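Everything numeric in this text was worked out from a predicted model, so none of it was measured. All ligand and atom numbering here is 1-based and tracks the order in the structure.
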Amino acid sequence: METDILNLYPFRKDASFDYLYPNHIKELSQMHWTPIDIAKKAAFFLAIPNARVLDIGSGVGKFCITAGAHFPQTQFIGIEQREAFCSYANVAKDEINVDNVSFIHGNLTDLDYDDYDHFYFYNSFYENIEPGSRIDYAVTTSVELYERYSRFVYAMLDAKKSGTRLVTYYGRETQIPPSYNLVDQAYNKMLKMWIKR
Ligand SMILES: C[S@@+](CC[C@H](N)C(=O)[O-])C[C@H]1O[C@@H](n2cnc3c(N)ncnc32)[C@H](O)[C@@H]1O
């Protein structure tokens, strides 16, 4: 159920939400953070009450905070390798005042995926293979890391139980195991909704 209690004003436009961040983070928004409308549509599909949804590479928290504010009965958790992004995400979360959202600083390969039911994935490894889309120089990038992270997520998804939901934004279909059925798509087929058989 979508909330009607919180102040949803920051979610009316991307610019209103991005206002929560310093200028250098705002400037990354168009290319690297999920737009509000897309985050809401993805969250609608993932927001099973009492479930725990993981954003794999959560950046400054735009997906998780938007999702959590609109769907208070679901927990949204982000894992993010850049510590500074995690800090910005926590500041924005406190500003919006959502208590069903949290962020973990670390590498996605170190998580226990038994703790998560459903997943959101915005092509998080792309900067490893496309220098023009590099976010900053805070982390090492390489083709090897792209392949390693992609293989890791593929195996993790494949091991999840039947009924697991996944939303991908951009990304390649070859990154998704064939055990997932594509059940819906939107935004010129860039946003894809999947359910594991
Ligand atoms: C395209 S951004 C998406 C941000 C967020 N999901 C959103 O939709 O607004 C991808 C993020 O994934 C993070 N990331 C990439 N590889 C990661 C890894 N191995 N572990 C944790 N975070 C990672 C990057 O640092 C970046 O912030």
**Report entry** Pair D136 + R82, salt bridge at N-O below 4.0 Å
**Finding:** yes

For [atom], what's the nearest protein heavy-atom neighbour? Residue, atom name and distance, please.
atom	value
atom 4 (C) of ligand 1	G57 O, 3.4 Å
atom 21 (C) of ligand 1	Q81 N, 3.2 Å
atom 1 (C) of ligand 1	H32 O, 3.2 Å
atom 10 (C) of ligand 1	S124 OG, 3.6 Å

Show the atoms of ligand 1 that are less than 4.0 angstrom away from any heavy atom in [X].
X	answer
F85	27 (O)
F125	16 (N)
Y149	19 (N)
Y120	8 (O)
D55	5 (C), 6 (N)

Query raised in the report: Hey, is L108 touching ligand 1 through its side chain, its backbone, both or neither, going by heavy atoms under 4.0 Å?
Result: both

Query raised in the report: Using heavy atoms and a threshold below 4.0 Å, how should the contact between E80 and ligand 1 be classified: side chain, backbone, both, or neither?
Result: both

Query raised in the report: Measuring from I195:CD1 to N181:CG, what's the distance to the nearest 0.5 Å?
Result: 8.0 Å

Report summary line: dist T109:OG1 -> L145:CG (nearest 0.5 Å) comes out at 9.5 Å

Quick check: does [X] get an N/O under 3.5 Å from an N/O on ligand 1?
X	value
T34	yes
I135	no
W33	no

Requested in this report: Evaluate the ring planes of F76 and F63, with Trp represented by its six-membered ring, and classify them as parallel (under 30°), tilted (30 to 60°) or perpendicular (over 60°).
Outcome: perpendicular

Would [X] count as a contact of ligand 1 if the rule is a heavy atom under 4.0 Å away?
X	value
G106	yes
N107	yes
Y126	no

Requested in this report: Please check if atom OH in Y154 has more than 12 non-hydrogen atoms from other residues, nucleotides or ligands closer than 6.0 Å.
Outcome: yes

Query - K41, NZ: over 12 other non-hydrogen atoms inside 6.0 angstrom - result: no

Please confirm whether the ring centroid of [X] lies under 6.0 Å from the ring centroid of [Y].
X	Y	value
Y88	H24	yes
F45	F71	no
F121	Y169	no

Query raised in the report: Of D18, D14, T34, which is the lone residue that meets side chain to side chain donor-acceptor pair (under 3.5 Å) with S29?
Result: D18

Requested in this report: Scan for salt bridge (Lys or Arg N to Asp or Glu O under 4.0 Å) pairs involving residues 152-174, sequence neighbours excluded, and state none if there are none.
Outcome: E173-K192

